[in-house]
Amino acid sequence: AYDDPQIIAGQGTVGLEIAEQTAALGLQVDQALFCCSGGGLVAGSALALCAAHAATRVYSVEPAGFDDHARSLAARAAPPVANAPGGRSICDALQAPTPGAVTYPINRALLAGGLVVTDDEVRAAMRYAFTWLKLVLEPGGAVALAAVLAGKLPTADRVTAVVLSGGNADPDQFAQILAAAG
């Protein structure tokens with residue numbers, strides 16, 4: 001479904017909202033980070049953001065071992081590279097085997113790059129979101145925040161949009177992640 005043009009267009013409304021809300025504040029987004037599996041959310045959002053402000057740098061963020069977009073973008077690969085079978089991550093929503101046939105060409109043209117986070121960085125982001133933002137995030141929805149908190153990209157003096165998504169956290173897993181903070 002992530003590779004359907006209608007889905008990509010619908011997910012692009014996230015980027016459109018970011019552009020509209022920052023413009024209403026008199027700001028322009030310098031960089032934006034999106035969780036990425038097959039690439040539909042970041043592709044649609046990049047289309048909207050880059051149309052609103054061509055200088056915006058958009059990044060996909062993926063868990064280590066499922067970083068097919070990051071590796072494909074770094075190599076400027078066509079066709080894109082696939083993930084190795086048998087990978088493991090707590091980010092169960094971000095485990096597409098390869099970038100989408102429709103999404104990847106969009107992402108290759110528009111994205112500034114791909115960022116990769118570890119499961120431990122994702123756990124720290126989930127704890128941060130819960131403690132400071134009062135949000136319950138599923139692991140895959142916390143990867144963009146994890147990238148910022150882990151310093152994967154400089155953010156000082158930049159308007160940075162970080163998309164947090166999904167609250168489908170397994171209660172037992174979430175409790176264990178929170179308990180590990182101490």
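- Other cluster members for L27: L25, V159, joined by side-chain heavy-atom distances under 4.5 Å among Ile, Leu, Val, Met, Phe, Trp and Tyr.
- Within the structure, the ring pair (Phe, Tyr, Trp, His ring centres under 6.0 Å) test picks out the following pairs touching residues 142-175 (sequence neighbours left out): F130-F174.
- No donor-acceptor distance shorter than 3.5 angstrom exists from the side chain of T56 to the backbone of D30, with no hydrogens or angles considered.
- Sorted by first and then second residue, the side chain to side chain donor-acceptor pair (under 3.5 Å) pairs with a member in residues 41-50 form an empty list; sequence neighbours excluded.
- When all heavy atoms are compared, the tightest approach of A46 to L111 is CB-CD1, 3.9 Å.
- In terms of hydrophobic clustering, with Ile, Leu, Val, Met, Phe, Trp and Tyr side chains grouped at heavy-atom distances under 4.5 Å, V81 and V102 are assigned to different clusters.
- Remark: L153 CG to T160 OG1 distance equals 6.5 Å, nearest 0.5 Å.
- When the side chains of ILVMFWY residues are joined at heavy-atom separations under 4.5 Å, either directly or via intervening members, V42 and V116 end up in two distinct hydrophobic clusters.
- In terms of hydrophobic clustering, with Ile, Leu, Val, Met, Phe, Trp and Tyr side chains grouped at heavy-atom distances under 4.5 Å, L73 and V163 are assigned to a common cluster.
- With hydrogens and angles disregarded, no donor-acceptor distance shorter than 3.5 Å links the side chain of R108 to the backbone of R76.
- Note that the CZ atom of F66 and the SG atom of C36 stand 13.0 Å from one another [nearest 0.5 Å].
- Using a distance-only test at 3.5 Å, with no hydrogens or angles considered, a donor-acceptor pair links the side chain of Y104 to the main chain of S72.
- With sequence neighbours excluded, no residue forms a side chain to side chain donor-acceptor pair (under 3.5 Å) with T22.
- Around atom CZ of R158, more than 12 heavy atoms belonging to other residues, nucleotides or ligands sit under 6.0 Å away.
- You'll find the side chain of L164 reaches within 4.5 Å of the side chain of L133, heavy atoms only.
- Annotation: side-chain contact (heavy atoms from CB on, under 4.5 Å) contacts of A93 (sequence neighbours excluded): E138.
- Between the side chain of N83 and the backbone N or O of A96 there is at least one donor-acceptor pair closer than 3.5 Å.
- Atom CG of L94 sits about 11.5 Å away from atom NE2 of H69, to the nearest 0.5 Å.
- Considering only heavy atoms from C-beta on, E62 stays 4.5 Å or farther from V143 through its side chain.
- Side-chain heavy atoms closer than 4.5 Å link hydrophobic residues (I, L, V, M, F, W, Y) into clusters, and following such links, even through other members, never connects L47 to L16.
- For the salt bridge (charged side-chain N to carboxylate O under 4.0 Å, His left out) test, residues two or more places apart in sequence or in another chain that qualify with D120 are R123.
- Evaluation of the side-chain contact (heavy atoms from CB on, under 4.5 Å) rule for R57 yields Q31, Y59, A112 as partners, not counting sequence neighbours.
- The distance from atom CD1 of I18 to atom CG of L49, rounded to the nearest 0.5 Å, is 5.5 Å.
- Under the side-chain contact (heavy atoms from CB on, under 4.5 Å) criterion, S165 pairs with C35, not counting sequence neighbours.
- Residues that satisfy the side-chain contact (heavy atoms from CB on, under 4.5 Å) test with L149, not counting sequence neighbours, are A125, Y128, L145.
- Under the rule for a salt bridge (charged side-chain N to carboxylate O under 4.0 Å, His left out), the partners of D67 that lie at least two apart in sequence or sit in another chain are R71.
- Under the 4.5 Å side-chain criterion, counting only non-hydrogen atoms from C-beta, V122 is not in contact with P63.
- The structure places OG1 of T155 at 9.5 Å from CG of L33, a figure rounded to the nearest 0.5 Å.
- The shortest distance between side-chain heavy atoms of M126 and P139 falls below 4.5 Å.
- Nearest heavy atoms, N107 versus G39: ND2-O, 3.4 Å.
- Using modelled atom types, one side-chain atom of Q95 and one backbone atom of S89 make a donor-acceptor pair closer than 3.5 Å.
- Although no hydrogens or angles enter the test, the distance criterion places a donor-acceptor pair under 3.5 Å between the side chain of T103 and the main chain of G38.
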**Study point:** Test side chain to side chain contact (heavy atoms under 4.5 Å, CB included) applied to C50 and V58, step by step
**Key:** CA-CA 8 Å; C50 293; V58 179; 4.2 Å; yes
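- Of the inter-residue distances, the one linking L41 atom CG with T13 atom OG1 reads 9.0 Å to the nearest 0.5 angstrom.
- Among pairs with a residue in residues 27-58, none fulfils ring pair (Phe, Tyr, Trp, His ring centres under 6.0 Å), at least two apart in sequence or across chains.
- Sequence neighbours left out, the pairs with a member in residues 144-157 that pass salt bridge (Lys or Arg N to Asp or Glu O under 4.0 Å) are E121-K152.
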